[in-house]
Amino acid sequence: MKALEIQNLKFFYMGREEPAIDIEHLSIEDGETVLITGRSGGGKSTLVNCITGIIPHVFHGEFEGEVNVYGKNTVKTPLSKLSTDVGIVLQNPETQVLNYTVEEEVAFGPENLCLESNDISERVRESVDITGTSHLMERETYTLSGGELQRIAIAAVLSMRPKLLILDEPTSNIDPEGTAKVFDIIRKLKEEKTLIVVEHKVERMLPFVDRIIVIDNGKILLDIKSSELSHYVEKMVEIGIEVPIHFIYAKQNGIDSEDMDTIRERLRQINMIPAPPKRAETSRVVMQAAVNVSTKAGKKLVDGEIELQEKQILAIMGRNGAGKSTFLKGLMGFLDIDLNCEIQVELDGRDISREHIIRRGKEIAFVPQNFDLTLISKSVELEIAYSLKKRKVKNFMERVDKLMDMFSLSDLRYRDPLSLSLGQRRRVAMASAMASGVKVIMLDEPTSGQDYFHKQVLGKELTRIKEAGYSIVIVTHDSRFVYRFADRVVVFNEGRKVLDGTPESVFMESRQYSILPPSDFILRSDEYELVNH
Amino acid sequence: MGFNGISGILNSPGEIPWEIVVLFFGAGLLFVFLWGRKTGGLAKFTTLDLIYIGIGAAFAVVWEFYIGAFLGKFIPSNPFFGIGYTGRLIALLIVAGLVRKVGVGMVAMFIFNLLSDLISYGFSGEPMYFMYEMLTYGLMMDIVIAAAGPNLFGIKSPERRKNREKDRSTTPRGFEHITKMPAEYLAAIEGILIGLFWVIPEPLFYGGFISPFLYGGVVDWGKILFDMVAFIPSAIIIGAIGGLITLRIVKAVGQ
Amino acid sequence: MNWLIINAVSWILFFFGAAFPVLILLKAIGLTGFMKVTRYESYHTFYYRMNPAVKIILGIMVMVVASVTIWWIGAIMTIAILLSYLTLKDGKRKFITGMFLTIMTVIGTTWAFAPYTPYVILQEAFHSNHLTALWVWPSYFTVMGYQPSLTTQGIIYGFQISMRFTAVSLMSLVLVMTSTPSQVLRSLNKVGIPTSLTFSLVVAMRTVPRIFEYIDTSVKIQFMKGLGSNAPSILRPFYMLTGAFSGIVPVIVFLVRGAKDTAISADTRAFRAYSKRTYMHPMTIGKVDKMALSAVILIILMTVIVVMMGFGKGISYNG
């Protein structure tokens, strides 16, 4: 039986002239595992919303054509009936988890189906077993890490026992360890269910999937067997999809192989191993910070130090709970008053440890992960001018104009920052944070939830800022991003700094802390190959 | 002595006759019932609407019990400006702007009341407050929503494509304003209208009935009228601000 | 000169009479201190095992008893409930925060009543025509409803009135701290409140701590950007408030953006498929509940006796 059959599907959001999705025919067989990929905004989420019935039952617009899931027409079948055939796990576990405790969250669906309490218990047990979360059953959902929360979100959908499971970018908001566990679950489920995984991480998904579908501008651009990927590398790169780096070099150099070792060997033979990204030269130390934080009960949360040089991008990596965010918050003076903190921050040789965040903010900018929360002004211009006005800087418009130029925001001068696109909003938040003449910029997980294209844009932006004389600290889980754009990496584990060096030296050893080196690095590194074989 | 804080004083001098109050609440409940029958009642609220209402109620509670409670120490109780009123009005206007369905005022007031009972009041004076707040503040807001029709606060729901093809004059965006009056004016005016309506319940119902009925308060009609008039300027300002904030939020999220 | 001092002090008292102590308390707790109190955390002591419906009944009982009896019965209940906070998870911290909140309620309520309560009522309450004036207000303060002087009896009266509110506030917090929203909604559903409404309520309850967290972030970032940079540090709490106001729009926009995912998550898991839901752990009345209900009955009987003994409302109360 077909798991999914789509005929002549078109969906227009209200007020839009162009369809968000336009698919003549698509079918997926029962038991298949399919990867759907493509740029953000290309129509992937609209497609999965059409499959789950969210469109047109919840989000309205103009719907044409037919979508059948296990023979059930998604328009004619109520959502509650569809929910036992198709389930969906979303990108951000924070917003999709509704209940206070894990057990309640997993039981939510079966309870809505008015099942008997024994039946509910059985489904809950089964789901937490598959996802390896039975030890979390008694926990409150808000105490879980992103990775744990995402596995609970999967368990909560599995308890509906759907035949078709859709995972919509399930790993883009979580750490490498959590990502690995989600991939483990996908591997297990592959044997039992029909799976549609929407993911940017093509390389990670490749071993699991039978088929790859690329969606762009609402249309199916490619629908290929996963084994055929290497033939379509150029096309995928062209539309901004992240493909394994060795595939690209193989294609460019006419190497007919998909195996990393073979490709590296051949590249070496023809002397075509690409040069590693350029790292910033050693320069003057701008900031030295040591942060030691523990709870009142004596539990050590973080105890580490960093050194930041001028015109340098320093990446902080580590598992969730390794102390990265606490380190950054401690450095900024953001921590709760009920923690024991010993913090030493020296900026340009001046000790600013005792200064209030108002003073620190003059020299250090901080862009939190939820940067939307910082956009308080009614226009982009006012937002960037905010700190200059508050600090009574004379002729501040000059600096505002300069920053607008630097971040390509001049055309958006009078727009409400909150109504801009995600990328634009982040640029406004960064420009506004930097306005008061800071030397150091810190960004907490700026790559989280971003697709390959937007990460490249961010990386180039940061490089430009660095070259303009700023020093940058980023907390991120994305090793490919770090390899390409960072000059130095610090890895935290269980609150302590365990690695510190260039991306090349850190990725040699980072695997033991759940940080997988990117293929960009492995391809270039003979030494890594030797050590890890 | 009374039950659940209700003293039940029905004949305090100057008190609004209880028959009128019963009649008003009765008519209000009948209206809610008939409205529910006609429109589908709670069922017509989508899950998303219910989430918006929950967020609005949470905001109103944070304002009233934490920020407002703190601010209340600095701004003494006075007839010109109410901190609780301000937060609640803004929260409810935002929810109304996001949901834009008749009934949202009453449902949101119910949730706000229930949450307030759970975190602070411990159901004292209930069910009087449920009825009072839903059928005064909530109902008044719903009347304005019903009168404004689909273009509440100048927000026009985007049209279907086929309708749009007939009228090419409109801009091709997911969100648009009605053309006759700038959305900002309409948002401010409707905010003010709701704000002015909201001036009435506290002095009239509370001062004229609930206070003597529940707590043996003294009714002073001079004070009731003065309180209503004195509150008008701040109601106009807060209503207008609330309307504009609502428009900004709805625009930003493209709802 | 004397006139000037009286006026200046009077206006300072008018604006900040209750503010300074509250300000100090707020600084001590911090904005996130509230958050920790309003959060549910699982634990095993009796409050956590009790049916939420019973906790609501307890709350109503506390309120009824406080409103029909003399002030010191309210005070005893306040102390008793506050002490029972020690049985909660992280009890000492909750006890201290509960105590702060109680003190804030006492100060706020006392100040709300002390300058306004008519002398007639105070004289009736204290069975004496003699009132001790602590501070004489300028005569024009009567326009704002003030009595000519602030009296000791006014303050005592305000304090006694506050005992009507403290116990019930603490008891309501117990409900929130010791029951999950779904436990509360299960008991509310049982008494006939539709699933749609209880769902909204759960969203609201989950959103309250998030609003604090987000506003906290927003305010801190505003400080970093120079909010209040030219003002003395004593005024920082005021800037904290203006920062919180400015943060409202972005915080709500952020929450509303996430709401769509929440709706998808609920709707694709059969939310509102039927008018009712079943539960993995249906609400039952256990041993703890029976004990609590017996205690409720006992306290009601004692209250009736106390009132009959003449310890009903000791002071007439004009709300």
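Owing to the predicted nature of the structure, the values given are computational and were not obtained by experimental measurement. A, B, ... follow the sequence lines: proteins, then strands. Residue 1 opens every chain.
Interface summary for chain C: among A/Ala156, A/Gly333, A/Gly53, the most heavy-atom pairs under 4.5 angstrom belong to A/Ala156. Of all the listed residues (A/Asn92, A/Ile120, A/Ile358), the one sharing the greatest number of non-hydrogen pairs under 4.5 Å with chain C is A/Ile358. Annotation: maximal heavy-atom pairing with chain A below 4.5 Å, among C/Gly228, C/Ala263, C/Pro282, C/Gly258, occurs at C/Gly258. When C/Val249, C/Thr217, C/Asn230, C/Val251 are compared by the number of non-hydrogen pairs under 4.5 Å with chain A, C/Asn230 comes out ahead. Comparing C/Ser265, C/Pro250, C/Ala273 by heavy-atom pairs within less than 4.5 Å of chain A, the highest count is held by C/Pro250. Listed options A/Val97, A/Asn118, A/Leu82 were ranked by heavy-atom pairs under 4.5 angstrom with chain C; first place goes to A/Val97. Heavy-atom pairs under 4.5 Å with chain A were tallied for C/Asp261, C/Thr195, C/Val203, C/Ile248; the largest tally goes to C/Asp261. Among A/Lys392, A/Glu94, A/Lys81, the residue with the largest count of heavy-atom pairs under 4.5 Å with chain C is A/Lys392. Put simply, of A/Leu418, A/Ile364, A/Thr84, the one with the most heavy-atom pairs under 4.5 Å next to chain C is A/Leu418.
Residue C/Phe254 touches chain A through its side chain alone, counting heavy-atom pairs closer than 4.5 Å. Both the backbone and the side chain of A/Gln96 have a heavy atom closer than 4.5 Å to some heavy atom of chain C. Both the backbone and the side chain of C/Ala266 have a heavy atom closer than 4.5 Å to some heavy atom of chain A. When heavy atoms are compared at a cutoff of 4.5 Å, A/Val124 approaches chain C solely by way of its side chain, counted from C-beta outward. Using a 4.5 Å cut-off between heavy atoms, A/His57 makes no contact with chain C at all. At a 4.5 Å heavy-atom cutoff, A/Gln369 makes no contact with chain C through either its backbone or its side chain. Of the two parts of A/Glu138, only the backbone, made up of N, CA, C and O, holds a non-hydrogen atom closer than 4.5 Å to a non-hydrogen atom of chain C. Interface remark: A/Leu90 contributes side-chain atoms only to the contact with chain C (heavy atom separation under 4.5 Å). For A/Leu98, the parts lying near chain C are the backbone and the side chain together; criterion is any non-hydrogen pair under 4.5 Å.
At a threshold of 4.5 Å between non-hydrogen side-chain atoms, the residues C/Lys260 and A/Phe59 count as touching. Counting heavy atoms from C-beta on, the side chains of C/Phe245 and A/Ile376 never come closer than 4.5 Å. The side-chain heavy atoms of C/Val253 and A/Asp372, taken from C-beta on, include no pair separated by under 4.5 Å. Two residues are said to be in side-chain contact when any heavy atoms from C-beta on lie closer than 4.5 Å; A/Tyr386 and C/Leu227 meet this criterion. Between C/Lys225 and A/Glu383, the closest side-chain pair of non-hydrogen atoms falls below 4.5 Å. Put simply, the side chain of C/His281 reaches to within 4.5 Å of the side chain of A/Glu103, judged on heavy atoms. Contact check for A/Ile54 versus C/Thr268: side-chain heavy atoms found under the 4.5 Å cut-off.
Of all non-hydrogen atoms in C/Ala270 and A/Leu113, the two that sit nearest each other are CB-CD2, 3.7 Å. Shortest non-hydrogen contact noted between C/Lys276 and A/Cys114 is O-SG, 3.2 Å. A/Glu111 and C/Arg277 get closest at one heavy-atom pair: OE1-NH2, 3.0 Å. Between C/Arg206 and A/Thr141, the shortest heavy-atom contact is NH1-OG1, 3.3 Å.
Judged by distance alone, the side chain of C/Thr262 and the main-chain N or O of A/Thr95 form a donor-acceptor pair under 3.5 Å. Side chain of C/Thr278 to main chain of A/Leu115: a donor-acceptor pair is present (N/O by atom type, distance under 3.5 Å, no hydrogens or angles). When atom types are taken as modelled, the side chain of A/Asn112 and the backbone of C/Arg269 share a donor-acceptor pair closer than 3.5 angstrom.
Atom CZ in A/Arg360 sits 14.0 Å away from atom CZ in C/Phe223 (nearest 0.5 Å). Between A/Asn370 atom CG and C/Ile221 atom CD1 the span is 10.5 Å, to the nearest 0.5 Å. Atom OG in C/Ser229 sits 5.0 Å away from atom CZ in A/Arg391 (nearest 0.5 Å). Taken to the nearest 0.5 Å, the CD1 atom of A/Ile88 stands 12.0 Å off from the CG atom of C/Asp267. Note that CE of C/Met224 is 10.5 Å distant from OG of A/Ser387, once rounded to the nearest 0.5 Å.
Around atom NZ of A/Lys72, more than 12 heavy atoms belonging to other residues, nucleotides or ligands sit under 6.0 Å away. The neighbour count for A/Arg161 CZ, taken as heavy atoms of other residues, nucleotides or ligands under 6.0 Å away, is above 12.
Note: A/Phe108 and C/Phe199 have tilted aromatic rings, judged against thresholds of 30 and 60 degrees for the angle between ring planes.
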Worked check of side chain to side chain contact (heavy atoms under 4.5 Å, CB included) between C/Arg210 and A/Tyr142:
CA-CA 10 Å; C/Arg210 287 174 71 196; A/Tyr142 67 86; over 6 Å; no

